[in-house]
Each structure stands twice: as C-alpha cells, then as structure tokens.
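Both counts, for ligands and for their atoms, begin at 1 and track the order of listing. This chain uses plain numbering: 1 for the first residue, then up along the sequence.
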Amino acid sequence: MKQNLLDGKALSTRMRAAMRDEVAALSRRHGRAPGLAVILVGDDPASQIYVRNKANGCRDLGIHSISHPLPSDTSQQHLLGLIGELNQDPKVDGILVQLPVPEQIDAEAIIEAIDPGKDVDGFHPYNVGRLTSRIPALRPCTPYGCMKLIAQTGVDLHGKEAVIVGASNIVGRPMAMELLLAGATVTITHRFTEDLAAHVARADLVVAAAGKPGLVKGEWIKPGAIVIDVGINRLPDGSLAGDVEFATASKRAGWITPVPGGVGPMTITMLLANTITAFRNRIGETD
Ligand code: NAD
C-alpha cells in the first residue's frame, strides 16, 4: 500500500501562520498580547528542551511568554504560592507546569491548583471532565493535536474501530474521549492487556502512546489503517523512535505519522491554540 505520511510539521506551520495573524489582531484590539506563564522546577535536560520549544513557539506567534525557572528543591507550598499569584495576574492567560515535577511535589495537587480557565495543558480535572461530558473547554494538547492530524485524512470516524495503546492521563485516556466524541468505537489497551496484536489488527485507527520503541509491530497493522504514533523514545544511538515499527507499518498503513515530525510539533501548536482560546475566553471574545 502506498505510504501516506501525516506531516505534523507542515500542518503546524500552516496552523501557526494563521494563529500569528490572529494574535496580531487580538493584540491590536485589546492592547496586549495573550500571556503564557511556564514553570519549570529543576534542571531535567529533556524538560528544558520542551520549555525552550514552547517559549520559542510563543515568541514566533507574538504570544507573551513568562518563564519561571525554579530550583529542584522547591517546596510544594512555594509552587502553590506562585500558581496562586499567576491565577490572579490579569496579564497571564495560560499557566503551564512542566511535568514531571520533583518527588517532593504532588503533581495532582499542582494541576488542581491552576485556574481551569488558565489550564492550557488541559490536564485539570475540570477540563478532563468537560471533555468526558461532551462539552470540551480547554482540551488536552496531545490528543487535540492527534485529532487535527486525523482530520487531514478526511476519514469520517463514525463507527470506525479505534484502538489506543496506552492509558495515561495526558494521552491515552483523553484520546479515548476525543475519539468517542468523533463517533469511533474505542478500545483502550494498557500494560495489562492480553493479546495487543489482536486488538491492533482489527483497528481502522491506531494511536500508540506507551513509550516503548517498536511495541506495535508493522505486521499487526490492518491494511489502509490510520496510524498515529505519539511515542517519543530516545534509542541508544541517540536517534528518536516512536512506538510503532515505522518501516513495516508504513507499507500497510493508509496514513501514518513519522517520529519525529508527526505528533510532537502538533502538541506545542495546540498549546499555543489553547493559550489564544484562554485569552479570548477571559476577555469575553469567543467568536
Ligand atoms: P505513561 O508512561 O504515562 O503511560 C504509558 C501507558 O502505556 C500506560 O498506560 C501503560 O499501561 C501503557 N503500556 C505500557 N506497556 C504497554 C503494552 N505492552 N501494551 C499496551 N499498553 C502498554 O506515558 P505517556 O506520558 O502517556 O507517554 C507515552 C509516550 O508518548 C512516551 O513515549 C512519551 O514520550 C510520548 N509523548 C509524546 C508527546 C508528544 O507530544 N508527541 C506527548 C506526550 C507523551
């Protein structure tokens, strides 16, 4: 089957161009740009790269990004205090705490402390609950980005078999809610699932998000299926790989995302989109 690449980089570039114009118009009308506060606790190198990419994304669009680097021994109380201040700050529309946080900090409590209207990651139980109740507000960025990529295929998901590999709070579970909303018949597989191959083999759409390189074998893919690979795994040789065996899967898939250049750029793009949405909601301009 002819390979059909779902190019997240290209889609991101197109979406960000439109968003740049939108930010310029909003800034002119309201006398200030949307503002995103990014908190990074500690000096994890991967987190530093993610935070830098997010700041660069903001700068490129004209979004005001405010960075809050904190030492790795920051207390939970201090972090909660900062979030409280940012919740009250009228110039801050979005608040993001880069995960993972050091072990002395309870990530759930931190997420719950963020004003849901400023929760641009979409991780707050309020926003997860809104999506689950079919009234989405700020949507979790990675699944939201996956939906934008899937929309590129033009395939109507109503009644399609969708299989998600991975059940995390930030990818697998909200992905299931997005796909249910789009009318798919959804299966969530996880570490206790028996016979993953059989589940994947009947899927018209596979979303892989387990964090295990090559977990999903190319030969399992149903011919013509849409394959969305969320996994980002660093191999011993330093290269990046997804959770799907790309070389074999791409021969069978109707559409497939590459790693890198698939879901990754879309996640940041949707974070920027959520920041604009949060700004619009806060100033009461929702058209
Ligand atoms: P996680 O570790 O929180 O969750 C992994 C999930 O995979 C768990 O639910 C686990 O039960 C499941 N799993 C493990 N082994 C399995 C198996 N054999 N069969 C089926 N399910 C299995 O991970 P996460 O935070 O959801 O991230 C998953 C991957 O996605 C990682 O590689 C991460 O780097 C990547 N990621 C990418 C982006 C992006 O923007 N592209 C965003 C978030 C996460």
Side-chain angles (χ1 to χ4, degrees), residues 5-12 15-16 38 44-54 56-57 96-101 107-108 111 120-123 128 139-150 162-179 186-203 205-217 220-221 227-236 238-246 249 256-274:
L5 214 58
L6 281 172
D7 185 342
K9 216 166 160 216
L11 178 57
S12 275
M15 289 181 69
R16 290 191 202 192
V38 179
D44 175 61
S47 293
Q48 283 174 331
I49 294 171
Y50 292 140
V51 164
R52 199 179 321 130
N53 288 343
K54 289 168 187 176
N56 289 343
L96 178 157
V97 179
Q98 183 64 45
L99 300 178
V101 284
E108 300 304 331
I111 291 168
V120 284
D121 259 337
F123 294 164
V128 177
R139 307 161 94 124
C141 300
T142 300
Y144 194 12
C146 291
M147 294 308 288
K148 296 283 180 193
L149 281 165
I150 294 165
V163 172
I164 302 167
V165 184
S168 71
N169 283 354
I170 65 167
V171 189
R173 285 165 199 258
M175 190 72 227
M177 292 304 119
E178 286 284 1
L179 290 170
V186 183
T187 302
I188 311 177
T189 66
H190 46 75
R191 68 179 81 248
F192 303 120
T193 297
E194 291 175 9
D195 203 354
L196 181 63
H199 287 287
V200 171
R202 65 179 155 70
L205 165 66
V206 182
V207 180
K212 297 198 165 164
L215 173 68
V216 176
K217 306 293 171 220
W220 298 352
I221 303 297
V227 179
I228 306 291
D229 194 349
V230 182
I232 302 177
N233 307 291
R234 180 76 61 188
L235 300 183
S239 63
L240 289 181
D243 288 354
V244 178
E245 273 185 353
F246 184 84
I256 187 166
T257 59
V259 178
V263 176
M266 291 303 296
T267 295
I268 299 188
T269 298
M270 302 326 293
L271 169 73
L272 302 170
N274 276 350

Fill in the blank from the handout: Taking only non-hydrogen atoms of Thr267 and a 4.0 Å limit, the atoms of ligand 1 in range are 39 (C), 40 (O)
Problem - Thr193, portion touching ligand 1 at heavy-atom distance under 4.0 Å - result: neither
Problem - atom 2 (O) of ligand 1: any protein heavy atom closer than 4.0 Å - result: no
Completion exercise
The side chain to side chain contact (heavy atoms under 4.5 Å, CB included) partner of Val165 among Asp229, Asp243, Thr193, Val200 is Val200
Problem - Atoms in ligand 1 with a heavy atom of Val165 nearer than 4.0 Å - result: 20 (C), 21 (N)
Exercise for the section: For atom 25 (O) of ligand 1, grab the closest protein heavy atom and report residue, atom and distance to one decimal in Å. Expected result: Ile170 CD1, 3.6 Å
Practice task
Tell me which protein heavy atom sits closest to atom 13 (N) of ligand 1, plus the residue, atom name and distance to 0.1 Å.
Solution key: Arg191 N, 3.7 Å
Exercise for the section: Check whether any side-chain heavy atom of Gln48 lies under 4.5 Å from a side-chain heavy atom of Gln98, and answer yes or no. Expected result: no
Exercise for the section: May I ask you to identify the nearest protein heavy atom to atom 43 (C) of ligand 1, giving residue, atom name and distance to one decimal place in Å? Expected result: Val171 CG2, 3.8 Å
Practice task
Could you tell me which atoms of ligand 1, counted from 1 in the order shown, lie closer than 4.0 angstrom to a heavy atom of Gly264?
Solution key: 40 (O), 41 (N)
Exercise for the section: Carefully, step by step, assess Phe123 and Val97 under the rule side chain to side chain contact (heavy atoms under 4.5 Å, CB included). Expected result: CA-CA 10 Å; Phe123 294 164; Val97 179; over 6 Å; no
Exercise for the section: Tell me, please, which residues at least two apart from Val227 pass side chain to side chain contact (heavy atoms under 4.5 Å, CB included). Expected result: Ile221, Val244, Ala253, Ile256
Completion exercise
Closest non-hydrogen atoms of Met266 and Ser12, given as atom of the first, atom of the second and distance, are SD-OG, 3.4 Å
Handout entry: Contacts of type side chain to side chain contact (heavy atoms under 4.5 Å, CB included), residue Ala176, not counting sequence neighbours
Key = Ile164, Val186, Ile188
Handout entry: Closest protein heavy atom to atom 23 (O) of ligand 1, given as residue, atom name and distance to 0.1 Å
Key = Ser168 CB, 4.4 Å
Handout entry: Closest non-hydrogen atom pair between Ile150 and Met175, with its separation
Key = CD1-CE, 4.2 Å
Handout entry: Nearest-contact summary for atom 20 (C) of ligand 1 - protein heavy atom, Å
Key = His190 O, 3.2 Å
Handout entry: Under 3.5 Å donor-acceptor, Thr269 side chain and Pro265 backbone
Key = yes
Problem - Check: Ile232 N/O within less than 3.5 Å of ligand 1 N/O - result: yes
Completion exercise
Nearest heavy atom to atom 28 (C) of ligand 1, choosing from Pro213, Pro265, Ala209, belongs to Ala209
Exercise for the section: For Asn233, counting its heavy atoms only, list the atoms of ligand 1 lying under 4.0 Å from any of them. Expected result: 32 (O)
Exercise for the section: For Ala167, counting its heavy atoms only, list the atoms of ligand 1 lying under 4.0 Å from any of them. Expected result: 6 (C), 8 (C), 9 (O)
Problem - Taking atom 6 (C) of ligand 1 as the reference point, the nearest protein heavy atom with its distance - result: Gly166 CA, 3.7 Å
Fill in the blank from the handout: A student checking ligand 1 against Leu196 at a 4.0 Å heavy-atom cut-off should list atoms 19 (N)
Handout entry: Gap separating the NZ atom of Lys212 from the CZ atom of Arg191, nearest 0.5 angstrom
Key = 6.0 Å
Handout entry: Mode of Asn169 contact toward ligand 1 - side chain, backbone, both, neither (heavy atoms, under 4.0 Å)
Key = neither
Exercise for the section: Give, for atom CG of Asn274 and atom CG of Leu96, the distance between the pair rounded to the nearest 0.5 Å. Expected result: 10.5 Å
Fill in the blank from the handout: In this structure, atom 18 (N) of ligand 1 is nearest to the protein heavy atom Leu215 CD1, 3.7 Å
Problem - Which residue and heavy atom of the protein sit nearest atom 15 (N) of ligand 1, plus the separation - result: Lys212 NZ, 3.1 Å
Problem - Whether Thr142 side chain and Thr267 backbone form a donor-acceptor pair below 3.5 Å - result: no
Fill in the blank from the handout: On a heavy-atom basis, the closest approach of Ala162 and Leu179 is CB-CD1, 3.9 Å
